[in-house]
Amino acid sequence: MHIESTIKSTLQAALKEIYGVEEPTIALQPTKKDFEGFYTFVTFPYTKTLRKAPAEIGNALGQYLQEKAGVVSQYNVVQGFLNLSIEESAWVNTFNDLALDPKFGFWPANGQSVMVEFSSPNTNKPLHLGHLRNNFLGDSIAKILKANGYDVTMACLVNDRGIHICKSMLAYAKFGNGETPESAALKGDHLIGKYYVIFDKAYKAEIEELVADGMTKEEAEKKAPLILEAQELLRKWEQEDADTVALWQKMNGWVYEGFGATYQKIGVHFDKIYYESNTYLLGKDIVEEGLNNGVFFKKPDNSVWIDLTAEGLDEKLVLRGDGTSVYITQDLGTTDLKFEDFHSNKSIWVVGNEQDYHFQVLFAIMKRLGRSYADGCYHLSYGMVDLPSGKMKSREGTVVDADQLIADMEATAEARTRELGKIEDFSGEEAKNLYHKLALGAVKYFLLKVDPKKRMLFNPEESIDFQGNTGPFIQYTYVRIRSVMRKAEQMGIVLTTPAQNVPLTEIEKEVIFCLTDFPDRIANAARDYSPALIAQYAFDLAKVYNQLWAEVSVLNEPDEALRYFRILLSKAVGDTLQKALGLLGIGVPERM
RNA sequence: GGUCCCGUAGCUCAGUUGGAUAGAGCAACAGAUUUCUAAUCUGUCGGUCUUUGGUUCGAAUCCAAACGGGAUCACCA
């Protein structure tokens, strides 16, 4: 039995029986703190059709619920608000159902499959804070979709070719002197990133010189010797010149090694990796197809376009006059490829909001081409992470490096832990694992608690705290519960039977109330593609449990039945916190 | 200029899809530990929900306009 669904179905029956109204969906809301009751039904919407006063409707429905629902102990009506108080036995019954269900909160398989593409790193620089937001979002949304019953494939498209890659290759060839990650004592991705910056500096210097000689800036950017050389290198790569390909492979190998270490550290992995070097020529057959069926058209210079003005977009180039691809050409090809490979019902791209327009165009084209999967495509667009100084820019060195950030957070976790001195019996390895869990919990929670589509601010000085609305706060609540569980186990208490009907305090009801909301939160998080809803939920649950902790004692409760209930309640909260944090990709420690 | 996103407490953010007197965390201040982990809890302080109009029983939420911030409108990716 579930309180909320019982009230809803009884309300439907009441509306039909008393007023002859068929209401397919009943909206219940939590009662505001200042009023008596837990659930509130708003009667205002019915005043017009029923031509009765809101309070009158409230009283009639309240009476009906009290008599027939079996879970409503009493009611009160304030204006048009019908506030319902709940029978104590109903709380315990509802709680027993969820506490003894190991899969509580997760939805059964729904027969649908979805691909989540995220991360999409460039192999010319290490990951920074913005990438972390992308990775954590993608990883979390994949987990949330799984919890909703989807069969999920996590995919990654590596941008391993192109002019930007050639820039770092060229700089390395010119200034590298055979440096290796070992000789430089740098992670591979950081070494390559260093040469990307070196290229940019040298390139800018050339431009300045040319401008000083009277060239316009625009012209200088196109004619600087370094950029011409990089373009030449790209041509050689495309012609599969042996030396160029060998250099490319060597440098990419270093980057992959570096990325691998970072991915491992942040707990992100992929089921399928696509490489742009394999897919960049795809899409031309789709251009042909579109020309044949009149979706695309040719301009006199032989370039191919699509007119999307009917969709409120513009004319868009899909193939250059010389027959070479643009970004969207490849994306058309890879989109088809992804669906051919996995036949997913849905496909999600986790990509920053600067590409909103690109994805509008991509999806519109797929629809015009009559792709059956076009309606299942979704761009999970997220905002940038800003610094107090403004935007992050790799080339100007104003980025927060991912590896560095996590290392810093681990150091903070260690300092704080030592200060508190609660784990002095831990081995070095156990302690390291703890610091890592806390560091990752703090960073992931920080980035995921904000609505994805909003841009957010990261203040390195004060942003990532371990107190208040943070990952470690929730981890700490879990740790307290684990401490109780260990002691309960020592007392020989086994948690396999339902709790008896015991008298409950307000705070205990609130904890149960919060628990019952978990499945809906998981469903909403998937519907809105928002891990932030899960983060918020975990925080709410931790907070209400901490309140309970301050008000009542679990293990020291003299009444045996009540003590058993509180232990079981604590376990349910612990399990739910673990699941919720798990959906965010955050692990829980046993002690901290 | 066109299109899209955003604007809520000093700061960082929620606000269950139109409901009651708008909520958290941080910061500041005051308290709580003979008790299961105080990385906790309680309290105080803090608001013209950018502005103006509209829709209605009722608006932070929907519509329109203005203002402010950002993105994008590349034969870059």
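In what follows, every chain begins at residue 1, and chains take the letters A, B, ... in the order their sequences are listed. Because the structure is predicted, anything quoted here is derived from the model rather than measured.
- At the phosphate of B:rU37, OP1 or OP2 sits under 4.0 Å from a side-chain N or O atom of A:K487.
- Distance NZ (A:K316) to C1' (B:rC73): 8 Å, rounded to an integer number of Å.
- For B:rA77, neither phosphate oxygen OP1 nor OP2 lies less than 4.0 angstrom from any side-chain nitrogen or oxygen of A:Y327.
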RNA chain B base-pair string [pairs: Watson-Crick or G-U under 3.5 Å; |: paired with another strand]: (((((((..((((.....[...)))).(((((.......))))).....(((((..]....))))))))))))....

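- Dashed line: the shortest gap from a side-chain N or O of A:R566 to OP1 or OP2 of B:rC36 is not under 4.0 Å.
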Between the protein and nucleotides 32-35 of chain B, which nitrogen or oxygen pairs come in under 3.5 angstrom?
residue	atom	partner	partner atom	Å
B:rU35	O2'	A:N556	ND2	3.0

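- Here the side chains of A:M485 and A:K571 are in contact, with some heavy-atom distance below 4.5 Å.
- Counting any heavy atom pair closer than 4.0 Å across all strands shown, A:R416 reaches a base atom.
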Filtered N/O pairs between nucleotides 7-10 of chain B and protein, under 3.5 Å:
residue	atom	partner	partner atom	Å
B:rG7	OP1	A:K454	NZ	3.4

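- Among the protein residues, A:V552 comes within range of the nucleic acid bases, having at least one heavy atom under 4.0 Å from a base atom.
- In the interface, the side chain of A:R527 is paired with the base of B:rU17 through a donor and an acceptor atom under 3.5 Å apart.
- Nearest-nucleotide positions on RNA chain B for A:V554 and A:I328 put A:V554 closer to the 5' end.
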Step-by-step ring-ring contact (aromatic ring centres under 6.0 Å, His included) determination, A:F539 to A:Y445: CA-CA 10 Å; A:F539 179 60; A:Y445 189 86; 7.2 Å; no

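- Between the C1' atoms of B:rG31 and B:rA38, the separation comes to 13 Å (whole Å).
- Using P as the reference atom, B:rA9 and B:rG46 are 15 Å apart when rounded to the nearest Å.
- As rounded to the nearest Å, B:rG15 and B:rU61 have C1' atoms that lie 9 Å from one another.
- The nucleotide whose nearest atom lies closest to any side-chain atom of A:I163 is, among B:rA39, B:rC76, B:rC57, B:rC76.
- For the residue pair A:Y280 / A:E238, no side-chain donor-acceptor distance below 3.5 Å is found, with atom types taken as modelled.
- In this structure, A:K299 is positioned above the aromatic face of A:W305, its NZ or CZ under 6.0 Å from the six-membered ring centre and within 45° of the axis.
- Ion pair A:K222/A:E218 not flagged as a salt bridge, since none of the NZ, NE, NH1 or NH2 atoms sits closer than 4.0 Å to an Asp/Glu carboxylate oxygen.
- A side-chain N or O of A:S570 and one of A:Y545 form a donor-acceptor pair less than 3.5 Å apart.
- Atom CD of A:E489 sits in a sparse spot, with 12 or fewer heavy atoms from other residues, nucleotides or ligands closer than 6.0 Å.
- Atom OH in A:Y545 sits roughly 8 Å away from atom C1' in B:rC36 (whole-Å rounding).
- Annotation: B:rA59 and B:rU51 have their P atoms spaced 15 Å apart (nearest Å).
- For B:rU40 and B:rG25, the P atoms lie 11 Å apart once the distance is rounded to whole Å.
- Taking atom C1' in both B:rG23 and B:rC76, the straight-line distance is 45 Å, to the nearest Å.
- In this pair, A:F446 and A:F458 present their aromatic rings perpendicular. The plane angle is above 60°, beyond the 30 to 60° band.
- The separation between A:L447 atom CG and B:rC13 atom C1' is 13 Å, rounded to whole Å.
- Distance noted for atom P between B:rC5 and B:rC41: 37 Å (whole Å).
- Between B:rA38 and A:W549, a contact under 4.0 Å exists linking OP1 or OP2 to a side-chain N or O.
- Using a cutoff of 4.0 Å between basic side-chain nitrogens and carboxylate oxygens, A:K167 and A:D200 are not scored as salt-bridged.
- One donor-acceptor pair, N or O on each side, does fall under 3.5 Å between the base of B:rC75 and the side chain of A:D301.
- Contact record, A:I306 with A:V318: CG2-CG1, 4.2 Å, taken as the closest heavy-atom pair.
- In plain terms, the two heavy atoms of A:N469 and A:K449 that are nearest each other are O-NZ, 3.2 Å.
- With A:T477 contributing its side chain and A:F473 its backbone, the two residues share a donor-acceptor pair below 3.5 Å.
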What are the atom names and distances for every N/O pair under 3.5 Å that joins the protein to nucleotides 67-70 of chain B?
residue	atom	partner	partner atom	Å
B:rG70	O2'	A:R455	NH1	2.2

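- Residues passing the ring-ring contact (aromatic ring centres under 6.0 Å, His included) test with A:Y378, sequence neighbours excluded: A:Y529.
- For A:N159 and A:R591, each mapped to the nucleotide of RNA chain B holding its nearest heavy atom, the one lying further toward the 5' end belongs to A:R591.
- Salt bridge annotation for A:D425-A:R591: present, with a cationic side-chain nitrogen under 4.0 angstrom from a carboxylate oxygen.
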Check the interface with nucleotides 19-23 of chain B: list each N/O to N/O pair with the protein under 3.5 Å, or write none.
residue	atom	partner	partner atom	Å
B:rA20	OP2	A:K32	NZ	3.3
B:rA20	N6	A:T40	OG1	2.8
B:rA20	N6	A:N83	OD1	2.8
B:rA20	N1	A:N83	OD1	3.3
B:rA20	N1	A:N83	ND2	3.2

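- Checked options A:T31, A:N83, A:L82; the residue passing with A:N76 is A:N83 (criterion: side chain to side chain contact (heavy atoms under 4.5 Å, CB included)).
- To the nearest whole angstrom, the two C1' atoms, one in B:rA60 and one in B:rA14, are 12 Å apart.
- At the phosphate of B:rU42, OP1 or OP2 sits under 4.0 Å from a side-chain N or O atom of A:Q547.
- Each of B:rA71, B:rA14, B:rA39 was ranked by its minimum atom distance to the side chain of A:E354; first place goes to B:rA71.
- To the nearest angstrom, C1' of B:rC36 lies 5 Å from CG of A:L555.
- Checking B:rU40, B:rA77, B:rU17 against every side-chain atom of A:V326, the shortest atom distance belongs to B:rA77.
- A salt bridge is absent between A:E424 and A:R418: the closest approach of a Lys/Arg side-chain nitrogen to an acidic carboxylate oxygen does not fall below 4.0 angstrom.
- Minimum atom distance to the side chain of A:K422 is reached by B:rA38, of the listed B:rU72, B:rC73, B:rA38.
- Here B:rU17 is in the syn range [glycosidic angle within 90° of 0].
- Side-chain contact check for A:T123 and A:D160: no donor-acceptor pair (N or O, by modelled atom type) lies under 3.5 Å.
- Between the P atom of B:rA74 and the NE2 atom of A:H164 lies a distance of 21 Å, rounded to the nearest Å.
- No salt bridge links A:R563 with A:D559; every basic N to acidic carboxylate O contact stays at or beyond 4.0 Å.
- Side-chain N or O atoms of A:N59 include none that pairs as donor or acceptor with a backbone N or O of A:V77 at under 3.5 Å.
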